[in-house]
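First up is the structure itself, then whatever we jot down about it.
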Number of protein chains: 2
Amino acid sequence: MREVFQQELREVQERLVEISTLVGDSIEKATRAFNESDVSLAETVIEDDRRIDALAAELDELAITILARQQPVARDLRIVVSALRISASLERMGDMAEHIAQLARYRFPEKVVPKGLRGTFREMGALDVEIARKLTELLATEDPAIAEHIRNEDDKVDALHLAVFDKVLGETWKGETADTVDATLASRYHERFADHAVSIAKKVQYLATGDWT
Amino acid sequence: MREVFQQELREVQERLVEISTLVGDSIEKATRAFNESDVSLAETVIEDDRRIDALAAELDELAITILARQQPVARDLRIVVSALRISASLERMGDMAEHIAQLARYRFPEKVVPKGLRGTFREMGALDVEIARKLTELLATEDPAIAEHIRNEDDKVDALHLAVFDKVLGETWKGETADTVDATLASRYHERFADHAVSIAKKVQYLATGDWT
(Lines give C-alpha, C1' and ligand atoms only; values in the text may rest on other atoms or scores of the structure.)
Protein backbone atom coordinates (compact mmCIF):
# COMPACT_ATOMS: atom_id res chain seq x y z
CA MET A 1 0.00 0.00 0.00
CA ARG A 2 2.78 2.37 1.02
CA GLU A 3 4.55 1.75 -2.28
CA VAL A 4 1.40 2.40 -4.28
CA PHE A 5 0.94 5.61 -2.34
CA GLN A 6 4.49 6.76 -3.08
CA GLN A 7 3.88 5.99 -6.74
CA GLU A 8 0.67 8.00 -6.71
CA LEU A 9 2.40 10.91 -5.01
CA ARG A 10 5.03 10.87 -7.73
CA GLU A 11 2.27 11.11 -10.28
CA VAL A 12 0.76 14.09 -8.44
CA GLN A 13 4.16 15.76 -8.42
CA GLU A 14 4.71 15.06 -12.13
CA ARG A 15 1.34 16.57 -12.94
CA LEU A 16 2.07 19.67 -10.87
CA VAL A 17 5.33 20.04 -12.79
CA GLU A 18 3.45 19.62 -16.06
CA ILE A 19 0.87 22.30 -15.18
CA SER A 20 3.56 24.63 -13.90
CA THR A 21 5.46 24.21 -17.19
CA LEU A 22 2.34 25.22 -19.10
CA VAL A 23 1.83 28.20 -16.80
CA GLY A 24 5.42 29.22 -17.54
CA ASP A 25 4.75 28.96 -21.28
CA SER A 26 1.57 31.00 -20.84
CA ILE A 27 3.13 33.85 -18.92
CA GLU A 28 6.03 33.93 -21.39
CA LYS A 29 3.61 34.25 -24.30
CA ALA A 30 1.29 36.60 -22.42
CA THR A 31 4.01 39.07 -21.50
CA ARG A 32 5.38 38.93 -25.07
CA ALA A 33 1.86 39.50 -26.45
CA PHE A 34 1.44 42.36 -23.99
CA ASN A 35 4.80 44.02 -24.65
CA GLU A 36 4.66 43.61 -28.42
CA SER A 37 0.87 43.97 -28.92
CA ASP A 38 0.78 40.57 -30.60
CA VAL A 39 -2.92 39.77 -30.74
CA SER A 40 -2.63 36.29 -32.23
CA LEU A 41 -0.20 35.28 -29.51
CA ALA A 42 -2.66 36.72 -26.98
CA GLU A 43 -5.37 34.48 -28.40
CA THR A 44 -3.12 31.44 -28.03
CA VAL A 45 -2.70 32.24 -24.34
CA ILE A 46 -6.47 32.59 -23.88
CA GLU A 47 -6.99 29.26 -25.64
CA ASP A 48 -4.22 27.54 -23.65
CA ASP A 49 -5.78 28.57 -20.37
CA ARG A 50 -8.58 26.07 -20.90
CA ARG A 51 -6.03 23.30 -20.96
CA ILE A 52 -4.47 24.52 -17.71
CA ASP A 53 -7.93 24.62 -16.11
CA ALA A 54 -8.71 21.10 -17.32
CA LEU A 55 -5.40 19.70 -16.09
CA ALA A 56 -5.84 21.35 -12.69
CA ALA A 57 -9.34 19.86 -12.40
CA GLU A 58 -8.00 16.41 -13.34
CA LEU A 59 -5.24 16.72 -10.78
CA ASP A 60 -7.81 17.60 -8.13
CA GLU A 61 -9.77 14.46 -9.03
CA LEU A 62 -6.60 12.39 -8.73
CA ALA A 63 -5.84 13.90 -5.31
CA ILE A 64 -9.37 13.15 -4.10
CA THR A 65 -9.10 9.59 -5.40
CA ILE A 66 -5.83 9.16 -3.51
CA LEU A 67 -7.43 10.47 -0.32
CA ALA A 68 -10.29 8.00 -0.72
CA ARG A 69 -8.18 4.98 -1.66
CA GLN A 70 -5.09 5.44 0.46
CA GLN A 71 -6.62 7.17 3.48
CA PRO A 72 -3.34 8.92 4.26
CA VAL A 73 -2.73 10.45 7.69
CA ALA A 74 -0.21 12.86 9.22
CA ARG A 75 2.42 14.14 6.82
CA ASP A 76 1.11 12.08 3.87
CA LEU A 77 -2.33 13.62 4.27
CA ARG A 78 -0.90 17.12 4.33
CA ILE A 79 1.06 16.43 1.16
CA VAL A 80 -2.13 15.56 -0.71
CA VAL A 81 -4.00 18.56 0.72
CA SER A 82 -1.05 20.76 -0.28
CA ALA A 83 -1.24 19.40 -3.81
CA LEU A 84 -4.89 20.50 -4.00
CA ARG A 85 -3.91 23.99 -2.91
CA ILE A 86 -0.93 24.20 -5.23
CA SER A 87 -3.16 23.16 -8.11
CA ALA A 88 -5.62 25.97 -7.25
CA SER A 89 -2.79 28.53 -7.20
CA LEU A 90 -1.35 27.30 -10.51
CA GLU A 91 -4.81 27.60 -12.02
CA ARG A 92 -5.01 31.23 -10.83
CA MET A 93 -1.52 31.94 -12.25
CA GLY A 94 -2.84 30.72 -15.59
CA ASP A 95 -5.78 33.11 -15.20
CA MET A 96 -3.42 36.02 -14.56
CA ALA A 97 -1.46 35.19 -17.74
CA GLU A 98 -4.78 35.07 -19.59
CA HIS A 99 -5.83 38.45 -18.17
CA ILE A 100 -2.53 40.01 -19.29
CA ALA A 101 -3.08 38.57 -22.78
CA GLN A 102 -6.65 39.87 -22.82
CA LEU A 103 -5.43 43.41 -22.13
CA ALA A 104 -3.23 43.19 -25.25
CA ARG A 105 -6.18 41.96 -27.28
CA TYR A 106 -8.70 44.53 -26.01
CA ARG A 107 -6.46 47.45 -26.87
CA PHE A 108 -5.31 46.14 -30.27
CA PRO A 109 -4.42 47.71 -32.72
CA GLU A 110 -3.38 50.32 -30.16
CA LYS A 111 -0.35 49.43 -28.07
CA VAL A 112 -1.45 48.24 -24.67
CA VAL A 113 1.75 49.18 -22.86
CA PRO A 114 1.70 52.86 -21.95
CA LYS A 115 4.68 54.96 -23.01
CA GLY A 116 7.03 55.62 -20.14
CA LEU A 117 6.22 52.24 -18.62
CA ARG A 118 7.46 49.91 -21.34
CA GLY A 119 10.76 49.21 -19.60
CA THR A 120 9.01 48.62 -16.29
CA PHE A 121 6.54 46.14 -17.76
CA ARG A 122 9.27 44.37 -19.71
CA GLU A 123 11.13 43.91 -16.43
CA MET A 124 8.00 42.77 -14.54
CA GLY A 125 7.16 40.33 -17.31
CA ALA A 126 10.68 38.90 -17.35
CA LEU A 127 10.53 38.46 -13.57
CA ASP A 128 7.17 36.67 -13.77
CA VAL A 129 8.56 34.32 -16.44
CA GLU A 130 11.66 33.69 -14.34
CA ILE A 131 9.50 33.03 -11.28
CA ALA A 132 7.30 30.55 -13.19
CA ARG A 133 10.33 28.68 -14.52
CA LYS A 134 11.90 28.52 -11.07
CA LEU A 135 8.59 27.33 -9.67
CA THR A 136 8.59 24.39 -12.07
CA GLU A 137 12.12 23.57 -10.94
CA LEU A 138 11.06 23.87 -7.32
CA LEU A 139 8.11 21.53 -7.83
CA ALA A 140 10.41 19.01 -9.50
CA THR A 141 13.29 19.19 -7.02
CA GLU A 142 11.85 20.64 -3.75
CA ASP A 143 15.13 22.51 -3.37
CA PRO A 144 14.58 25.14 -0.64
CA ALA A 145 17.16 27.49 -2.21
CA ILE A 146 14.80 27.89 -5.16
CA ALA A 147 11.92 28.84 -2.86
CA GLU A 148 14.14 31.54 -1.39
CA HIS A 149 15.02 32.76 -4.89
CA ILE A 150 11.33 33.01 -5.80
CA ARG A 151 10.65 35.13 -2.72
CA ASN A 152 13.46 37.49 -3.66
CA GLU A 153 12.20 37.83 -7.23
CA ASP A 154 8.71 38.51 -5.87
CA ASP A 155 10.11 41.40 -3.81
CA LYS A 156 11.40 42.89 -7.06
CA VAL A 157 7.97 42.48 -8.68
CA ASP A 158 6.35 44.23 -5.69
CA ALA A 159 8.82 47.11 -6.00
CA LEU A 160 8.03 47.48 -9.73
CA HIS A 161 4.29 47.32 -8.94
CA LEU A 162 4.71 50.30 -6.60
CA ALA A 163 6.88 52.04 -9.21
CA VAL A 164 4.01 51.78 -11.72
CA PHE A 165 1.71 53.65 -9.32
CA ASP A 166 4.41 56.25 -8.58
CA LYS A 167 4.76 56.77 -12.31
CA VAL A 168 1.07 57.13 -13.23
CA LEU A 169 0.38 59.31 -10.19
CA GLY A 170 3.47 61.45 -10.80
CA GLU A 171 3.54 64.87 -12.46
CA THR A 172 5.34 63.69 -15.57
CA TRP A 173 2.63 61.16 -16.50
CA LYS A 174 1.18 62.07 -19.89
CA GLY A 175 -0.88 58.90 -20.44
CA GLU A 176 -4.48 58.88 -21.56
CA THR A 177 -7.10 57.41 -19.24
CA ALA A 178 -6.94 54.12 -21.16
CA ASP A 179 -3.19 53.98 -20.47
CA THR A 180 -3.80 54.50 -16.78
CA VAL A 181 -6.43 51.75 -16.68
CA ASP A 182 -4.19 49.34 -18.59
CA ALA A 183 -1.16 50.09 -16.44
CA THR A 184 -3.16 49.65 -13.23
CA LEU A 185 -4.68 46.32 -14.24
CA ALA A 186 -1.55 44.94 -15.89
CA SER A 187 0.56 45.78 -12.88
CA ARG A 188 -1.94 44.15 -10.54
CA TYR A 189 -2.01 40.96 -12.66
CA HIS A 190 1.77 40.74 -12.82
CA GLU A 191 1.98 41.22 -9.06
CA ARG A 192 -0.70 38.62 -8.28
CA PHE A 193 1.01 36.10 -10.57
CA ALA A 194 4.19 36.36 -8.50
CA ASP A 195 2.22 36.28 -5.21
CA HIS A 196 0.67 32.94 -6.13
CA ALA A 197 4.13 31.56 -6.88
CA VAL A 198 5.33 32.62 -3.43
CA SER A 199 2.34 30.97 -1.82
CA ILE A 200 3.10 27.74 -3.71
CA ALA A 201 6.77 27.98 -2.75
CA LYS A 202 5.75 28.12 0.93
CA LYS A 203 3.70 24.95 0.52
CA VAL A 204 6.51 23.13 -1.26
CA GLN A 205 8.86 24.12 1.51
CA TYR A 206 6.49 22.43 3.90
CA LEU A 207 6.54 19.30 1.77
CA ALA A 208 10.33 19.31 1.97
CA THR A 209 10.69 20.20 5.64
CA GLY A 210 7.41 19.15 7.29
CA ASP A 211 7.17 22.71 8.60
CA TRP A 212 3.49 23.38 8.02
CA THR A 213 2.41 27.03 7.79
CA MET B 1 -18.12 6.84 14.07
CA ARG B 2 -20.69 7.99 11.57
CA GLU B 3 -22.39 10.08 14.24
CA VAL B 4 -19.14 11.68 15.29
CA PHE B 5 -18.46 12.49 11.66
CA GLN B 6 -21.87 14.13 11.23
CA GLN B 7 -21.22 16.13 14.36
CA GLU B 8 -17.83 17.25 13.04
CA LEU B 9 -19.34 18.21 9.70
CA ARG B 10 -21.87 20.36 11.55
CA GLU B 11 -19.01 22.10 13.28
CA VAL B 12 -17.33 22.73 9.92
CA GLN B 13 -20.55 24.18 8.61
CA GLU B 14 -21.03 26.39 11.68
CA ARG B 15 -17.52 27.71 11.32
CA LEU B 16 -18.06 28.47 7.64
CA VAL B 17 -21.21 30.38 8.59
CA GLU B 18 -19.24 32.26 11.26
CA ILE B 19 -16.47 33.27 8.84
CA SER B 20 -19.00 34.22 6.18
CA THR B 21 -20.80 36.44 8.72
CA LEU B 22 -17.53 38.22 9.48
CA VAL B 23 -16.84 38.62 5.75
CA GLY B 24 -20.30 40.18 5.41
CA ASP B 25 -19.53 42.60 8.25
CA SER B 26 -16.19 43.43 6.62
CA ILE B 27 -17.57 44.19 3.19
CA GLU B 28 -20.34 46.25 4.75
CA LYS B 29 -17.81 48.34 6.67
CA ALA B 30 -15.35 48.42 3.76
CA THR B 31 -17.87 49.75 1.25
CA ARG B 32 -19.11 52.29 3.80
CA ALA B 33 -15.52 53.38 4.51
CA PHE B 34 -14.93 53.58 0.76
CA ASN B 35 -18.09 55.50 -0.07
CA GLU B 36 -17.85 57.89 2.87
CA SER B 37 -14.04 58.16 3.11
CA ASP B 38 -14.19 56.97 6.71
CA VAL B 39 -10.59 56.18 7.51
CA SER B 40 -11.13 54.85 11.03
CA LEU B 41 -13.75 52.43 9.74
CA ALA B 42 -11.25 51.41 7.03
CA GLU B 43 -8.71 50.62 9.73
CA THR B 44 -11.23 48.42 11.54
CA VAL B 45 -11.71 46.41 8.36
CA ILE B 46 -7.96 45.99 7.93
CA GLU B 47 -7.67 44.86 11.55
CA ASP B 48 -10.65 42.48 11.27
CA ASP B 49 -9.11 40.74 8.27
CA ARG B 50 -6.53 39.12 10.55
CA ARG B 51 -9.32 37.46 12.46
CA ILE B 52 -10.87 36.14 9.24
CA ASP B 53 -7.48 34.77 8.17
CA ALA B 54 -6.96 33.11 11.55
CA LEU B 55 -10.43 31.54 11.57
CA ALA B 56 -9.96 30.25 8.02
CA ALA B 57 -6.62 28.68 9.00
CA GLU B 58 -8.23 27.05 12.06
CA LEU B 59 -11.04 25.69 9.94
CA ASP B 60 -8.48 24.20 7.54
CA GLU B 61 -6.79 22.48 10.46
CA LEU B 62 -10.14 21.10 11.62
CA ALA B 63 -10.89 19.78 8.12
CA ILE B 64 -7.49 18.08 7.93
CA THR B 65 -8.02 16.55 11.36
CA ILE B 66 -11.39 15.20 10.22
CA LEU B 67 -9.79 13.71 7.11
CA ALA B 68 -7.15 12.02 9.24
CA ARG B 69 -9.49 10.75 11.97
CA GLN B 70 -12.61 9.84 10.04
CA GLN B 71 -11.03 8.77 6.75
CA PRO B 72 -14.17 9.73 4.84
CA VAL B 73 -14.77 8.42 1.32
CA ALA B 74 -17.11 9.24 -1.56
CA ARG B 75 -19.55 12.07 -0.87
CA ASP B 76 -18.30 12.62 2.70
CA LEU B 77 -14.77 13.10 1.46
CA ARG B 78 -15.89 15.63 -1.13
CA ILE B 79 -17.78 17.57 1.52
CA VAL B 80 -14.60 18.01 3.57
CA VAL B 81 -12.54 18.93 0.50
CA SER B 82 -15.23 21.44 -0.47
CA ALA B 83 -15.03 22.98 2.98
CA LEU B 84 -11.31 23.56 2.47
CA ARG B 85 -12.01 25.31 -0.81
CA ILE B 86 -14.88 27.37 0.56
CA SER B 87 -12.64 28.48 3.40
CA ALA B 88 -9.97 29.62 0.89
CA SER B 89 -12.56 31.62 -1.06
CA LEU B 90 -13.98 33.25 2.09
CA GLU B 91 -10.46 34.21 3.07
CA ARG B 92 -10.00 35.90 -0.34
CA MET B 93 -13.34 37.71 0.03
CA GLY B 94 -12.02 39.11 3.30
CA ASP B 95 -8.89 40.24 1.43
CA MET B 96 -11.01 42.04 -1.18
CA ALA B 97 -12.91 43.89 1.58
CA GLU B 98 -9.56 44.83 3.08
CA HIS B 99 -8.26 46.09 -0.27
CA ILE B 100 -11.37 48.27 -0.71
CA ALA B 101 -10.82 49.68 2.78
CA GLN B 102 -7.15 50.30 2.02
CA LEU B 103 -8.07 52.39 -1.03
CA ALA B 104 -10.15 54.66 1.23
CA ARG B 105 -7.25 54.97 3.65
CA TYR B 106 -4.56 55.64 1.03
CA ARG B 107 -6.51 58.48 -0.52
CA PHE B 108 -7.62 60.08 2.75
CA PRO B 109 -8.28 63.02 3.33
CA GLU B 110 -9.19 63.10 -0.36
CA LYS B 111 -12.36 61.27 -1.29
CA VAL B 112 -11.49 57.90 -2.81
CA VAL B 113 -14.66 57.58 -4.87
CA PRO B 114 -14.31 59.49 -8.13
CA LYS B 115 -17.05 61.97 -9.00
CA GLY B 116 -19.43 60.62 -11.58
CA LEU B 117 -19.01 57.10 -10.20
CA ARG B 118 -20.36 57.52 -6.68
CA GLY B 119 -23.76 56.08 -7.54
CA THR B 120 -22.18 53.15 -9.37
CA PHE B 121 -19.90 52.25 -6.48
CA ARG B 122 -22.71 52.66 -3.95
CA GLU B 123 -24.70 50.16 -6.02
CA MET B 124 -21.78 47.74 -6.42
CA GLY B 125 -21.05 47.95 -2.70
CA ALA B 126 -24.68 47.28 -1.78
CA LEU B 127 -24.71 44.28 -4.13
CA ASP B 128 -21.53 42.86 -2.59
CA VAL B 129 -23.02 43.24 0.91
CA GLU B 130 -26.24 41.57 -0.23
CA ILE B 131 -24.25 38.76 -1.83
CA ALA B 132 -22.22 38.19 1.34
CA ARG B 133 -25.37 38.09 3.49
CA LYS B 134 -27.06 35.66 1.13
CA LEU B 135 -23.92 33.55 1.10
CA THR B 136 -24.09 33.20 4.88
CA GLU B 137 -27.71 32.13 4.54
CA LEU B 138 -26.76 29.68 1.81
CA LEU B 139 -24.01 28.14 3.95
CA ALA B 140 -26.46 27.77 6.83
CA THR B 141 -29.40 26.38 4.84
CA GLU B 142 -27.96 24.96 1.57
CA ASP B 143 -31.08 26.28 -0.15
CA PRO B 144 -30.40 26.13 -3.92
CA ALA B 145 -32.69 29.10 -4.58
CA ILE B 146 -30.20 31.28 -2.70
CA ALA B 147 -27.33 30.06 -4.88
CA GLU B 148 -29.36 31.10 -7.91
CA HIS B 149 -30.01 34.51 -6.36
CA ILE B 150 -26.26 35.01 -5.75
CA ARG B 151 -25.52 34.24 -9.38
CA ASN B 152 -28.07 36.82 -10.51
CA GLU B 153 -26.67 39.47 -8.20
CA ASP B 154 -23.18 38.68 -9.51
CA ASP B 155 -24.38 39.36 -13.06
CA LYS B 156 -25.42 42.82 -11.89
CA VAL B 157 -21.98 43.38 -10.33
CA ASP B 158 -20.32 42.33 -13.59
CA ALA B 159 -22.51 44.79 -15.52
CA LEU B 160 -21.54 47.61 -13.14
CA HIS B 161 -17.87 46.62 -13.44
CA LEU B 162 -18.12 47.07 -17.22
CA ALA B 163 -20.01 50.34 -16.69
CA VAL B 164 -17.08 51.68 -14.64
CA PHE B 165 -14.73 51.06 -17.57
CA ASP B 166 -17.20 52.60 -20.03
CA LYS B 167 -17.36 55.64 -17.79
CA VAL B 168 -13.63 56.22 -17.27
CA LEU B 169 -12.85 55.52 -20.93
CA GLY B 170 -15.72 57.74 -22.14
CA GLU B 171 -15.42 61.29 -23.40
CA THR B 172 -17.19 62.84 -20.45
CA TRP B 173 -14.69 61.49 -17.91
CA LYS B 174 -13.04 64.41 -16.11
CA GLY B 175 -11.27 62.42 -13.40
CA GLU B 176 -7.63 62.86 -12.44
CA THR B 177 -5.25 59.95 -12.94
CA ALA B 178 -5.63 59.03 -9.26
CA ASP B 179 -9.40 58.79 -9.77
CA THR B 180 -8.89 56.47 -12.73
CA VAL B 181 -6.52 54.24 -10.75
CA ASP B 182 -8.90 54.13 -7.77
CA ALA B 183 -11.93 53.40 -9.92
CA THR B 184 -10.10 50.62 -11.79
CA LEU B 185 -8.85 48.88 -8.66
CA ALA B 186 -12.02 49.37 -6.64
CA SER B 187 -14.16 48.01 -9.43
CA ARG B 188 -11.90 45.00 -9.82
CA TYR B 189 -12.03 44.26 -6.07
CA HIS B 190 -15.83 44.55 -5.94
CA GLU B 191 -16.13 42.24 -8.92
CA ARG B 192 -13.72 39.63 -7.54
CA PHE B 193 -15.55 39.65 -4.21
CA ALA B 194 -18.77 38.64 -5.95
CA ASP B 195 -16.94 36.08 -8.14
CA HIS B 196 -15.66 34.25 -5.07
CA ALA B 197 -19.20 34.13 -3.69
CA VAL B 198 -20.42 32.54 -6.91
CA SER B 199 -17.65 29.97 -6.77
CA ILE B 200 -18.62 29.12 -3.17
CA ALA B 201 -22.30 28.92 -4.15
CA LYS B 202 -21.40 26.32 -6.80
CA LYS B 203 -19.63 24.21 -4.20
CA VAL B 204 -22.51 24.45 -1.74
CA GLN B 205 -24.87 23.38 -4.49
CA TYR B 206 -22.75 20.30 -4.87
CA LEU B 207 -22.99 19.62 -1.17
CA ALA B 208 -26.77 19.82 -1.45
CA THR B 209 -27.19 17.87 -4.68
CA GLY B 210 -24.09 15.70 -4.99
CA ASP B 211 -23.60 17.22 -8.43
CA TRP B 212 -19.87 17.81 -8.34
CA THR B 213 -18.47 20.44 -10.73
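The figures here come from the full heavy-atom set of this structure, side chains too, leaving out hydrogens, waters and symmetry mates. Note that the structure is a prediction, hence the values are computed from the model and not measured. Chain letters run A, B, ... following the sequence lines, proteins first and then strands; every chain starts at 1.
In this structure, A:T184 and B:R188 have side chains that are not in contact, with every pair of non-hydrogen atoms separated by 4.5 Å or more. The shortest distance between side-chain heavy atoms of A:T180 and B:V181 falls below 4.5 Å. At a threshold of 4.5 Å between non-hydrogen side-chain atoms, the residues B:V73 and A:Q71 count as touching. In this structure, A:F165 and B:T177 have side chains that are not in contact, with every pair of non-hydrogen atoms separated by 4.5 Å or more.
A:R51 CZ: 12 or fewer foreign heavy atoms inside a 6.0 Å radius.
Residue B:L77 touches chain A through its side chain alone, counting heavy-atom pairs closer than 4.5 Å.
Here B:R78 contributes atom CZ and A:I64 contributes atom CD1; the two are 4.5 Å apart, rounded to the nearest 0.5 Å.
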